[in-house]
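Take a look at the structure below.
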Amino acid sequence: MRYLILVLLNVPIILAALINIITQYKLRKVSVTRFRHQLIIWMVIMIVLIGSFPLYNISIGHPPLDSSELSLFDILQTTAIILLFYIANNQRQRIDQNERRLRDLHQELSIRLSDEK
């Protein structure tokens, strides 16, 4: 049951990150390489989240979904780490977009000022 709570708390964050990166790519705000990189990162996080706990239980001889060793602190800690990673990644994307926009505006301003002379 605790494992199910862990997955249910974290999958929406990961799906939001995937939707965000797909939207950014469709709006042409990120490059193909960054899109692939982000897609791989979030898919790996999803696979590790869903697969690591059952594999650990199988390796120590417990049933795959036995969550007796999973505490509430572990659930909150994992959720907080994934949420902080999502927030940091989102902020980095915004900073990159603002830097790109500022660079383009600076270039346009330089061109206009050089044309006036």
Side-chain angles (χ1 to χ4, degrees):
M1 182 64 179
R2 292 179 192 164
Y3 175 68
L4 183 63
I5 292 171
L6 175 70
V7 170
L8 288 177
L9 283 175
N10 289 299
V11 167
I13 298 170
I14 296 169
L15 290 177
L18 288 171
I19 290 170
N20 183 23
I21 193 66
I22 291 169
T23 304
Q24 297 293 322
Y25 175 71
K26 291 291 185 178
L27 294 174
R28 301 185 191 273
K29 292 185 177 182
V30 294
S31 65
V32 175
T33 56
R34 180 174 295 281
F35 170 70
R36 287 182 185 155
H37 183 257
Q38 291 292 313
L39 197 63
I40 290 170
I41 287 174
W42 287 108
M43 292 304 292
V44 166
I45 290 173
M46 174 92 83
I47 291 168
V48 167
L49 176 71
I50 293 173
S52 64
F53 191 72
L55 287 176
Y56 170 74
N57 278 341
I58 290 171
S59 69
I60 61 172
H62 292 289
L65 299 177
D66 178 30
S67 59
S68 61
E69 295 180 10
L70 192 63
S71 69
L72 182 60
F73 178 74
D74 294 335
I75 294 170
L76 292 176
Q77 181 182 18
T78 304
T79 303
I81 289 170
I82 291 175
L83 183 63
L84 288 173
F85 185 73
Y86 170 74
I87 291 170
N89 194 26
N90 195 16
Q91 291 302 314
R92 186 180 51 79
Q93 285 178 356
R94 286 183 183 182
I95 288 170
D96 287 345
Q97 290 172 1
N98 285 336
E99 285 177 352
R100 191 177 318 113
R101 187 179 307 140
L102 182 63
R103 184 181 61 241
D104 292 345
L105 288 172
H106 183 271
Q107 182 180 7
E108 185 178 329
L109 182 62
S110 296
I111 291 170
R112 285 185 184 186
L113 289 176
S114 68
D115 289 342
E116 289 179 5
K117 290 183 179 180

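If you're wondering where the values come from, they're calculated on a predicted model, not measured in any experiment.
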Could you check whether Asp74 pairs with Arg2 (Lys NZ or Arg NE/NH1/NH2 to Asp/Glu carboxylate O, under 4.0 Å)?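 So Asp74 does not pair with Arg2 through a salt bridge.
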Glu116/Arg112 salt bridge by N-O under 4.0 Å criterion: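 A salt bridge is absent here (no side-chain N lies under 4.0 Å from a carboxylate O).
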Answer with yes or no whether the side chains of Gln24 and Gln38 bring together a donor and an acceptor at under 3.5 Å.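 The criterion, which ignores hydrogens and geometry beyond distance, is not satisfied for Gln24 and Gln38.
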Just by distance, no angles: are the side chains of Asn20 and Thr23 close enough, under 3.5 Å, to form a donor-acceptor pair?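 Side chains of Asn20 and Thr23: no pair found under 3.5 Å.
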Expected output: side-chain [X] to main-chain [Y] donor-acceptor under 3.5 Å:
X      : Y      : value
Asn10  : Leu6   : yes
Ser114 : Ile111 : yes
Ser59  : Tyr56  : yes

Considering all heavy atoms, the nearest [X]-[Y] contact:
X     : Y     : result
Tyr25 : Ser31 : CD1-O, 4.3 Å
Tyr86 : Ala16 : CE1-C, 4.1 Å
Pro54 : Tyr3  : CD-OH, 3.6 Å

If you measure from CZ on Phe53 to CD1 on Ile58, what distance do you get to the nearest 0.5 Å?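 One finds 11.0 Å between CZ of Phe53 and CD1 of Ile58.
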Is it the case that more than 12 heavy atoms not belonging to His62 sit under 6.0 Å from its NE2 atom?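 Enclosed.
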If you count heavy atoms of other groups shown closer than 6.0 angstrom to CZ of Arg28, is the number above 12?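 Counting neighbours around CZ of Arg28, 12 or fewer heavy atoms of other residues, nucleotides or ligands fall under 6.0 Å, so no.
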Can you check salt bridge (charged side-chain N to carboxylate O under 4.0 Å, His left out) on Arg100 and Asp104, steps first, answer last? CA-CA 6 Å; Arg100 191 177 318 113; Asp104 292 345; over 6 Å; no
